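A short worksheet on the structure shown next.
No hydrogens, no waters, no symmetry mates; every other heavy atom, side chains included, goes into these values. Nothing here was measured: the structure is a model prediction, and the numbers come from that model. Reminder, nothing fancy here: chain letters follow the sequence lines and each chain counts from 1.
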Amino acid sequence: MRQLLYLILITNSLNMFGVEHYFVQQDSFAKELSRYNFFTDQQAQIPNDRVFSYSLASALFSDFTKKQRWMYVPDGYQASYRENGVYDFPDGSALIKTFYYDDDSINKKNLLETRLLIKNNGSWKAASYAWNEDQSEAYLKIAGKTIATNFIDQNGETKKVRYRVPNVNQCKECHAVNDEISPIGPKARNMNHDVYYDQVEINQIEHFINNKIFKPHAINEKLAIDWTNPSMSLDDRARSYLDINCGHCHIETGAANSTGLYLDLNEKRKNHLGIYKKPVATGRGSGGFKYSIVPGKPSESILIHRMKSLDPGIMMPESGRALADKEAIEMLEEWIINL
Amino acid sequence: MKKTKFLIFCSLFSLFVSTKDYVINPGPDAYENLQEAMILMNAGDSILIKSGDYYFEDSLSLDVDNVVIRGEGLNSTILNFENQKSGAQGILVTSNKVVLKDFAVIDAKGDAIKVIGADGIAMINLRTEWTGGPKSTNGAYGLYPVESKDVYIDGCIAIGASDAGIYVGQSKNIIVKNSQAMYNVAGIEIENSYYADVFNNKAQHNTGGILVFDLPDLPQQGGHHVRVFNNEITNNDTDNFAPEGNIVGEVPRGTGIIVQANSQVEIFQNNIGENDTVNIAVVSYQLETEDKDYYPHPSKIQIHNNSFGRSGFDPDLDTGDLSKILFSLSDGDMPDIFWDGVLPLKQMIFGQPDEEKLVLKHNGDATFLSIQPIQYMLSIFDPVNRSTEEFENDPSPLREIVINRFW
C-alpha cells in the first residue's frame with residue numbers, strides 16, 4: 001500500500017518535459033542516466049530546459065577524449081560568484097559531463113561515460129555512468145569500468161586505449177577540497193571567454209547571467225587562458241594548463257598537499273611551484289632527477305618525466321589517463337627552457 | 001531447541017546491529033566485487049577476503065569510516081599487482097578508523113598501501129613485498145600512512161621497497177611494533193612526525209635500518225618526540241637501490257639508525273650491530289632551503305642503554321657524503337655513533353644549551369665521533385672529537401605513546 005502511494009507520488013511529480021528533479025534530490029544515484037531527463041534526446045545529447053552547455057578556457061587532458069559539459073540549475077535559483085573558487089551552486093544543481101571520441105567511420109560520437117556531480121544539502125556527490133555498447137543508455141558504475149576501445153588521433157591514425165571510467169572514490173581523489181567533494185571546472189577564471197549560443201557570439205559568463213543561471217557579478221581574480229592558443233604568453237599557457245590539470249590536487253587544500261608541490265594558478269612561491277624543489281615521497285617517480293623543475297632543462301625535470309610516463313607507478317596525474325599529452329608536454333618543455 | 005533460541009536471538013540482535021560482512025572469493029569478478037564492497041560498505045561493516053591469489057589490474061580504494069578489511073593471513077590472502085595498469089598504489093585509504101589485517105599486497109607498481117589523512121588507521125599482520133628482490137623499479141613505500149593521526153602498525157612485514165618499507169610521514173600519535181622490515185632502502189622511516197613509539201621491530205638487510213627525518217617545505221614539519229627502543233637493527237647490508245633524486249638515495253649501505261633534523265628522539269635498549277657503515281648517525285639537513293620555518297639541526301637526541309655490535313667494517317664510500325666524510329675523519333676507524341656537530345652559528349660560538357644537547361649514556365663500549373665545525377672550517381685544529389664525556393648526562397625519558405583502541 002505504502003509502495004503504491006510512493007508510486008503515485010513519484011508519477012505525479014514526474015515531469016515529462018523538464019529535468020526530473022525528484023531523482024536529482026535523492027541521496028543515492030539513479031541506476032540509469034535517463035532517469036534524470038537531463039536530455040530531451042539522450043543519445044544525441046540534446047539538453048533539456050535549464051541544462052546549459054558550457055566550456056572551459058583550458059581543459060583537463062583525458063586520453064584525447066572530447067568532452068561536452070552542461071550545468072543544470074533549478075528554475076528560480078542562481079549560482080553566485082566566489083572569488084578564486086567554484087561558483088556557489090544552489091542545492092539541486094547538477095554538473096554533467098560526457099566523454100566521447102568522434103567516430104568518423106559512422107559519423108557519430110562514440111560515447112564512453114557521463115559523469116555527474118550533484119549538489120544537495122550543501123554538499124556535492126559524484127558518480128559516473130558508462131555507456132552501453134549500442135549507446136542507448138548509460139549505467140551507474142560504482143566500481144568504475146574498463147573500456148577497451150579505439151580512437152583516431154590528429155594524424156588520422158587509429159590508436160588503442162584502455163579507457164578507465166573512474167570509481168566513486170577516484171572521483172573524490174581529484175574532486176576533494178579540504179576533504180569535501182567540489183567541482184573543478186566552473187570557476188569564473190575558466191569561463192570568462194566568448195562562445196557561440198544560437199550563432200551569436202557572447203561572453204559565456206554574461207550569457208549565464210542573462211539566463212539567470214548566475215547572479216550578476218564582477219570578476220576579481222586572475223584568469224586562466226586557452227593553453228592551446230599559441231598567440232598567448234607561454235607563461236600564461238603553462239600556468240593555465242598546470243592549474244586545470246594538476247592544481248586541483250596540487251594545492252594546499254587538495255589531495256596532494258603532502259607533497260609541498262603546488263601548481264594552482266595563484267601559487268607564486270618558486271619552490272612550491274617546483275623550481276629546484278626536491279622530491280619528497282616520489283620514489284621511482286623521480287626518474288633519477290633531483291628537482292621537479294630545473295629551469296632551462298626540461299629533460300631533467302621530474303614534472304616532465306612524470307607527464308611522459310605511462311607507468312602507473314610514475315605517471316601524473318595518477319588516474320584519468322592511459323596516454324601522454326604530447327602537445328602539452330612540448331609546450332611545457334618550451335616553458336621550462338625559457339624559465 | 002537451544003539452538004533455535006540462539007538463532008532467534010542472533011537474528012533479533014542483527015536487526016539492531018545490522019552490520020554486514022562482505023566475503024570476497026578469488027575469481028574473475030573479484031576486483032569488481034571487492035572494490036564495489038569497499039565503496040558500498042557502511043560504518044561497522046567488514047570485508048573478508050578469502051585466502052587465494054588475486055591478480056588486480058587497477059588500484060583499490062577505500063573512503064568509508066569505521067570498517068575492517070581482513071584476509072586470512074599474510075601468506076594466504078595475496079593481492080598481486082604485477083599486472084597493474086592504473087593507480088599509483090595497490091590500496092589507497094582516505095577514511096578514518098580503518099583496520100587492515102591479515103593479507104599481503106605484492107608487486108604494486110607504485111606504493112603498496114597508502115593511507116592519507118586518516119584519523120585512526122590500524123595495520124595488523126600485513127605483508128607488503130616486491131618479490132623480485134631489491135630493485136630501483138620497485139615501488140617507493142610498503143606501508144605508507146601520511147598526514148594521519150593515531151597510526152597503529154603491528155606485526156607487519158615489509159620487503160623490497162625502493163624507499164621505505166614502513167614509512168610514516170607528517171603524522172601524529174604513532175605506534176610501529178612487532179614488525180619486520182627487510183631488503184628495503186630504509187627499513188622503517190618516521191618523517192616530519194610527532195609522538196611515535198617504534199619498538200620490538202626487526203630492521204635487517206636494508207640499506208638503512210631506521211630513519212627519523214625532518215624535511216623542509218612541507219605542511220607538517222618540526223618532527224619530534226620519537227622513541228626507538230627494543231629493536232633489532234642488525235646486518236643492514238643492502239646496496240642503496242633508491243632511484244636518484246630521493247633523499248634516501250643518500251643513505252650509505254649499512255647504516256643502523258639515522259636521525260636527521262628531528263628534536264627529542266630517544267634511542268634505547270636496541271641491539272644495533274653488524275651494520276657495514278655506521279650504527280647510529282645524528283645529522284643536520286645539509287641542503288639549501290628557503291623555508292624560514294624549518295629548523296635543520298637535530299636537538300635533544302638521547303642514546304642510552306643500547307647494546308652495540310660491529311659497524312664500519314665495510315663502509316659504503318660510493319653513496320652520499322656521510323660515509324666518505326666519516327671514513328676520512330676517522331682515518332678508517334669508524335665510530336658506532338656519529339654526530340655531525342653542525343649547529344646554528346650562535347650555538348657553535350657560544351655553545352649549545354644543556355637541554356638541547358646530545359645524551360650518550362650506558363652504551364657499553366660503543367665508540368663515538370663528532371665534528372667540531374669551527375675547527376673544521378678553520379682547518380688549523382683537529383676537528384675530530386672522540387670523547388663522549390661532554391654528553392654523558394642522565395637521560396630524561398620521553399613519555400609513552402598511547403593510542404585509544406579503535407580496532
Inter-residue atom distance B/S61.OG - A/K172.NZ, 0.5 Å rounding: 8.5 Å
Chain A contact via B/E147 - side chain, backbone, both or neither, heavy atoms under 4.5 Å: side chain
Under 4.5 Å from a heavy atom of chain B, the part of A/E252 involved: neither
Portion of B/N192 that has a non-hydrogen atom of chain A nearer than 4.5 angstrom: neither
Rounded distance [0.5 Å steps], NZ in A/K278 versus CD in B/E288: 12.0 Å
Side-chain donor-acceptor contact under 3.5 Å, A/N271 with B/D217: yes
Closest-packed option against chain A by number of heavy-atom pairs under 4.5 Å, given B/T289, B/D111, B/D58, B/L40: B/D58
Check: A/R284 side chain, B/K109 main-chain N or O, donor-acceptor pair, under 3.5 Å: yes
Largest heavy-atom contact set with chain A, pairs under 4.5 Å, which of B/V248, B/N138, B/D291: B/N138
Validation row: B/L92, A/E318 side chains within 4.5 angstrom (heavy atoms): no
Expected output: side-chain B/E36 to main-chain A/I142 donor-acceptor under 3.5 Å: no
Engaged part of B/T94 at the chain A interface, taking heavy atoms whose separation is under 4.5 Å: neither
Rounded distance [0.5 Å steps], CG in A/N169 versus CD in B/Q35: 5.5 Å
Nearest-0.5 Å distance, CZ of residue A/R269 to CD of residue B/E290: 11.5 Å
Any side-chain heavy-atom pair of A/S258 and B/Q220 under 4.5 Å: no
Point-to-point distance, once rounded to the nearest 0.5 Å, from CD of B/Q170 to OG1 of A/T259: 9.0 Å
Option in B/S59, B/G87, B/G139 with maximal non-hydrogen atom pairs under 4.5 Å from chain A: B/G87
CG on B/D63 to SG on A/C171, rounded to 0.5 Å: 11.0 Å
